Participant: 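Please read through the structure below; I'll follow up with questions.
In what follows, every heavy atom counts, from backbone to side chain, and hydrogens, waters and symmetry copies are set aside. Counting convention: from 1, in listed order, for ligands and their atoms alike. Keep in mind it's a predicted model, so treat the numbers as computed, not measured.
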Amino acid sequence: MKISIIYDTKTGNTAKMADYIIQGAQSVDGVEAKAFGIDAIDEAYVKNSNALIVGSPTYKGCLSGRMKMWLESGPSSLNVAGKLAGAYATAAFIHGGGDLAIQCILTHLMVDGMMAYSSGQSKGMPVIHLGPVAISPNIDEYAELFKIYGKRMAEQALKLA
Ligand SMILES: Cc1cc2nc3c(=O)[nH]c(=O)nc-3n(C[C@H](O)[C@H](O)[C@H](O)COP(=O)(O)O)c2cc1C
């Protein structure tokens, strides 16, 4: 079972957190995960995936403009309807709007017919409310959170598969 991650990044933080999600997802038997920058999406891989996780840096209290533009037309051409959707963000400040970026991404993906999931409080600690947010510059401090998130997304995608 495949999981795709599509991210925007300018200085590398959001790309790096995708790698941690992949590590967590691939700790689940039978799951393969790959991440693609917004300019280098392997469309066949995404179309064959059971879940799509979208990541964005937080810009001006919300997602990046590039990601917003992509979300307006990208997912609907990638066979995403009915599949599991997740979102994550990176930000410079804990109060900087990472949750709002995630909420906007999930809204887009739901409008494209996807089923939003994060695990929430259902799996105990760490509670992952809408999706994980890593705060720069010490983003490696969030590695474990992102690995757990990847594992939970993979387990849920497998349940639906
Ligand atoms: C134009 C711009 C706007 C930003 N706005 C915010 C913001 O509103 N809130 C915040 O917490 N961080 C903000 N940041 C910081 C980035 O979200 C943060 O550094 C992020 O990890 C960068 O991701 P990247 O390395 O993947 O490009 C902003 C950065 C830039 C360049």
Participant: So, regarding Pro57 and ligand 1 (criterion: nitrogen or oxygen to nitrogen or oxygen, under 3.5 Å), is there a contact or not?
Facilitator: no

Participant: Of the protein's non-hydrogen atoms, which lies at the shortest distance from atom 30 (C) of ligand 1, and what is that distance?
Facilitator: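 The closest heavy atom on the protein side is Tyr59 CE1, 3.5 Å.
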
Participant: Under a 4.0 Å heavy-atom limit, does Ser136 contact ligand 1 with its side chain, its backbone, both, or neither?
Facilitator: side chain

Participant: Answer yes if the side chains of Thr90 and Thr14 hold a donor-acceptor pair under 3.5 Å, and no otherwise.
Facilitator: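 Yes - a donor-acceptor pair under 3.5 Å links their side chains.
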
Participant: Quick check: Phe93 and ligand 1, any N/O pair under 3.5 Å apart?
Facilitator: yes

Participant: Identify the closest protein heavy atom to atom 20 (C) of ligand 1: which residue and atom is it, and at what distance?
Facilitator: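 The closest one turns out to be Thr90 OG1, 3.2 Å.
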
Participant: Starting from the C-alpha separation in whole Å, work towards a yes-or-no answer on side-chain contact (heavy atoms from CB on, under 4.5 Å) for His129 and Val127.
Facilitator: CA-CA 6 Å; His129 290 75; Val127 174; 3.4 Å; yes

Participant: Below 4.0 angstrom, N of the basic side chain to O of the carboxylate: do Glu155 and Lys151 qualify?
Facilitator: yes

Participant: Any non-hydrogen atom of Gly61 lying under 4.0 Å from ligand 1?
Facilitator: yes

Participant: Is Arg66 salt-bridged to Asp39, going by a charged N under 4.0 Å from an acidic O?
Facilitator: yes

Participant: For atom 10 (C) of ligand 1, what is the nearest protein heavy atom, given as residue, atom name and distance?
Facilitator: Ala92 N, 3.5 Å

Participant: Is it true that the side chains of Glu144 and Tyr149 contain a donor and an acceptor less than 3.5 Å apart?
Facilitator: no

Participant: Starting from atom 27 (O) of ligand 1, locate the nearest protein heavy atom and write down its residue, its atom name and how far away it is, to 0.1 Å.
Facilitator: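 It is Lys10 N, 2.7 Å.
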
Participant: Do Leu109 and Leu52 come within less than 4.5 Å of each other through their side chains, counting heavy atoms only?
Facilitator: yes

Participant: Quick test: of every protein heavy atom, which one is nearest to atom 5 (N) of ligand 1, and how far off is it to 0.1 Å?
Facilitator: Lys60 N, 3.0 Å

Participant: Could you pull out, from Ala134, Gly98, Ala18, Gly96, the option with a heavy atom nearest to atom 9 (N) of ligand 1?
Facilitator: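 Nearest option to atom 9 (N) of ligand 1, by heavy atoms: Gly96.
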
Participant: Compute the centroid of each ring, for Tyr88 and then for Phe146, and state whether the two points are separated by less than 6.0 Å.
Facilitator: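 Close enough - the centres of the two rings lie under 6.0 Å apart.
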
Participant: So which heavy atom in the protein is nearest atom 25 (O) of ligand 1, and how far is it from that ligand atom?
Facilitator: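 Answer, as residue, atom name and distance: Thr11 OG1, 2.4 Å.
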
Participant: Taking atom types as modelled and ignoring hydrogens, do the side chains of Ser64 and Asp8 form a donor-acceptor contact shorter than 3.5 angstrom?
Facilitator: yes

Participant: Can you confirm if the aromatic rings of Tyr20 and Tyr142 lie within a centre distance of less than 6.0 Å?
Facilitator: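 No.
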
Participant: How far is atom 26 (O) of ligand 1 from its nearest protein heavy atom, and which residue and atom name does that atom have?
Facilitator: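 Ranking protein heavy atoms by distance from atom 26 (O) of ligand 1, first comes Thr9 OG1, 2.5 Å.
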
Participant: Between Asp8, Leu63, Thr58, Ile94, which one has a non-hydrogen atom sitting closest to atom 13 (C) of ligand 1?
Facilitator: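 Among Asp8, Leu63, Thr58, Ile94, the closest heavy atom to atom 13 (C) of ligand 1 comes from Thr58.
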
